[in-house]
Amino acid sequence: MAQKAAKVPTFVWEGTDKRGARVKGETQASNVTMMKAELRRQGIAPKTVRRKSALALGKRAKKITPGDIAVFSRQLATMMSAGVPLVQGLDIVGRGHENPSMQKLVLEIKTDVEGGTNLSEALAKHPRHFNELFCNLVEAGESAGVLDTLLDKLATYLEKTESIKKKIRKALFYPTAVLVVAFAVTAILLYFVVPQFESLFRGFGADLPVFTQFVLTLSYFVQDYGLYILVGLVAAFALFFEAKKRYPAVVHFLDRLSLKLPVIGAILHKAAIARYARTLSTMFAAGVPLVEALESVAGATGNIVYQNAVMEMRDQVASGQQLQVAMKLSNLFPNMVVQMTAIGEESGSLDSMLAKVADFYEEEVDNMIDSLSSLLEPMIMVILGVLVGGLVVAMYLPIFQMGAVI
């Protein structure tokens, strides 16, 4: 039987490069001597080299996020604009990253580039982290010889789009979490606390108030069917998410429905327009042909309604139609966006006009989310007051009435 290969240890190191700048990173090597020799070969004078424990590796390993990809783009753009060769830049960025998962990904890309593969092709091997839009822009930057500029634009694009997503998620998560906790607390009170008052009420020998009788009936219902309701809700959520994964029609229905919701729908509309404008501006500025750019932009809008509309616009533009006319026919873009696009097309500055549109709608989304938070806070307090306060009043109402009689 073949012996299992020994795991190569990882070393954490610090040192200075040829220019005297302080650098650090993590690298796998057989031993400390080999590690120091490898650093010297790269032109780095090692100061400290220590072995990284398996426990530390396990603790620090984490999922690669869009934020990690944005930081990678920004760092690599900085390296290249400073005159550092691509392979060396990838090596420095990869070894210096704190997330071992990201470090492994960047070093794999570096290995492919070292073997003669273009950066765009190396990135395309990892579609989970680098989508078609990212790879297309990198390819455009390589072809035009402005890869550092394109990577910097990509970093800005990723940071802005991710910022919008986080703000929308935060705005929706807070009220949802509070309401879920409120209903959970109410269910616990109905299941465990209200029955304790029931035994007290039996000794009164008088009719209970209607409100108290209603709460007691609700408590009986929760005690008898609460477990079934909980299992049913969990099963319903599981089926919902499974259907969302498997059936595009469900996603299409949900996206259409979300755009029609009060307040939330307006935010999602503006966020989709902001992503559309930001993505198309970035791609057009990179020299990507409009038809090809629209195909990549469609998936970046974040809503299948806008995605389908942009794909229809691409077909119209491919047949000779102006972008402004195609946007107007979709009935999804406000007149201001269409007019700005028209000015951009006529003046030959479509990318800058779309960037202005993106800035405007990103600010609009920020303002609407702040307004939504201010609007939801009093509503949440009212709901909490009705749920929890109502139970408290229902339980103490018979005691107050008895005190009044005495």
Side-chain angles (χ1 to χ4, degrees), residues 65-67 70 133 153 155-182 244 251-283 294 297-310 313 323-324 327-344 350-385:
T65 65
L133 168 67
K153 286 182 179 292
T156 302
Y157 162 75
L158 290 171
E159 288 162 357
K160 287 183 177 292
T161 52
E162 194 60 23
S163 174
I164 289 179
K165 288 179 185 178
K166 282 182 179 178
K167 285 175 181 175
I168 292 174
R169 281 197 294 263
K170 183 180 177 182
L172 296 178
F173 174 78
Y174 171 70
T176 304
V178 171
L179 291 178
V180 167
V181 170
K244 192 177 176 183
V251 178
H252 197 283
F253 170 76
L254 291 172
D255 281 0
R256 279 193 176 279
L257 181 65
S258 65
L259 292 175
K260 294 178 181 178
L261 293 174
V263 185
I264 300 293
I267 293 175
L268 295 177
H269 265 295
K270 292 180 187 295
I273 293 170
R275 282 196 291 265
Y276 161 83
R278 179 69 62 192
T279 309
L280 188 54
S281 169
T282 305
M283 295 203 74
L294 285 169
V297 168
T301 55
N303 188 289
I304 201 165
V305 175
Y306 277 88
Q307 182 176 336
N308 292 341
V310 173
M313 286 160 50
L323 178 60
Q324 54 166 310
M327 289 172 63
K328 191 172 184 179
L329 291 173
S330 70
N331 292 320
L332 285 175
F333 297 93
N335 187 56
M336 186 270 281
V337 179
V338 176
Q339 292 301 320
M340 291 281 281
T341 303
I343 294 169
L350 183 60
D351 54 336
S352 61
M353 283 297 174
L354 288 171
K356 292 180 188 297
V357 170
D359 290 337
F360 174 79
Y361 276 94
E362 284 164 0
E363 189 174 349
E364 283 280 292
V365 170
D366 287 347
N367 294 335
M368 290 189 74
I369 288 173
D370 291 340
S371 301
L372 177 64
S373 300
S374 302
L375 177 67
L376 287 176
E377 283 175 7
M379 291 177 63
I380 289 170
M381 294 303 295
V382 169
I383 293 171
L384 288 174

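Along the sequence shown, residues carry numbers from 1. Here the structure is a predicted model, which means the values were calculated and not measured.
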If you look only at distance, which donor and acceptor atoms sit under 3.5 Å apart when one is on a side chain in residues 251-258 and the other is two or more places apart or in another chain?
residue	atom	partner	partner atom	Å
His252	ND1	Arg256	NE	3.4
His252	NE2	Asn308	ND2	3.3
Asp255	OD2	Ile304	N	2.8
Ser258	OG	Leu254	O	3.3
Ser258	OG	Asp255	O	2.8

Let me have the donor-acceptor pairs involving side chains of residues 329-341, under 3.5 Å, with sequence neighbours excluded, atom names and distances please.
residue	atom	partner	partner atom	Å
Ser330	OG	Met327	O	2.6
Ser330	OG	Leu332	N	3.4
Thr341	OG1	Val337	O	2.8

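When all heavy atoms are compared, the tightest approach of Gly302 to Arg275 is CA-NH2, 3.7 Å. Of all heavy-atom pairs between Leu133 and Met283, the closest is CD1-SD, 3.0 Å.
For Thr301, the side-chain contact (heavy atoms from CB on, under 4.5 Å) partners at least two apart in sequence or on another chain are Tyr276, Tyr306, Gln307, Val310. Partners of Glu362 by side-chain contact (heavy atoms from CB on, under 4.5 Å), not counting sequence neighbours, listed by chain and number: Lys160, Ile164, Ala274, Arg278, Ala358, Asp359. Residues satisfying the side-chain contact (heavy atoms from CB on, under 4.5 Å) test with Glu363, not counting sequence neighbours, are Asn367. With sequence neighbours excluded, no residue forms a side chain to side chain donor-acceptor pair (under 3.5 Å) with Tyr361. Residues meeting the side-chain contact (heavy atoms from CB on, under 4.5 Å) test with Val178, sequence neighbours left out: Tyr174, Ile380, Leu384. Partners of Thr279 according to the side chain to side chain donor-acceptor pair (under 3.5 Å) rule, which considers only residues two or more places apart in sequence or in another chain, are Tyr157. The side chain to side chain donor-acceptor pair (under 3.5 Å) test applied to Thr156 returns Arg74, not counting sequence neighbours. Scanning for salt bridge (Lys or Arg N to Asp or Glu O under 4.0 Å) contacts around Asp366 gives Lys167, with sequence neighbours left out.
With rounding to the nearest 0.5 angstrom, the CZ atom of Arg169 is 11.0 Å from the CD1 atom of Ile369. Annotation: the span from Leu259 atom CG to His269 atom NE2 amounts to 4.0 Å, rounded to 0.5 Å. With values rounded to the nearest 0.5 angstrom, Leu323 atom CG is found 13.5 Å from Lys328 atom NZ. From Met353, atom CE reaches atom CG of Leu280 across 14.0 Å, with rounding to the nearest 0.5 Å.
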Go through the steps for Leu261 and Leu268 under the test side-chain contact (heavy atoms from CB on, under 4.5 Å), then give the verdict. CA-CA 9 Å; Leu261 293 174; Leu268 295 177; 5.8 Å; no
With side-chain contact (heavy atoms from CB on, under 4.5 Å) as the test, would you mind laying out the steps for Leu354 and Thr282 before giving the verdict? CA-CA 9 Å; Leu354 288 171; Thr282 305; over 6 Å; no
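For residues 262-274, the pairs satisfying salt bridge (charged side-chain N to carboxylate O under 4.0 Å, His left out) are Lys270-Glu364, with sequence neighbours left out. Pairs passing the salt bridge (charged side-chain N to carboxylate O under 4.0 Å, His left out) check and including a residue from residues 333-344, sequence neighbours excluded, do not occur.
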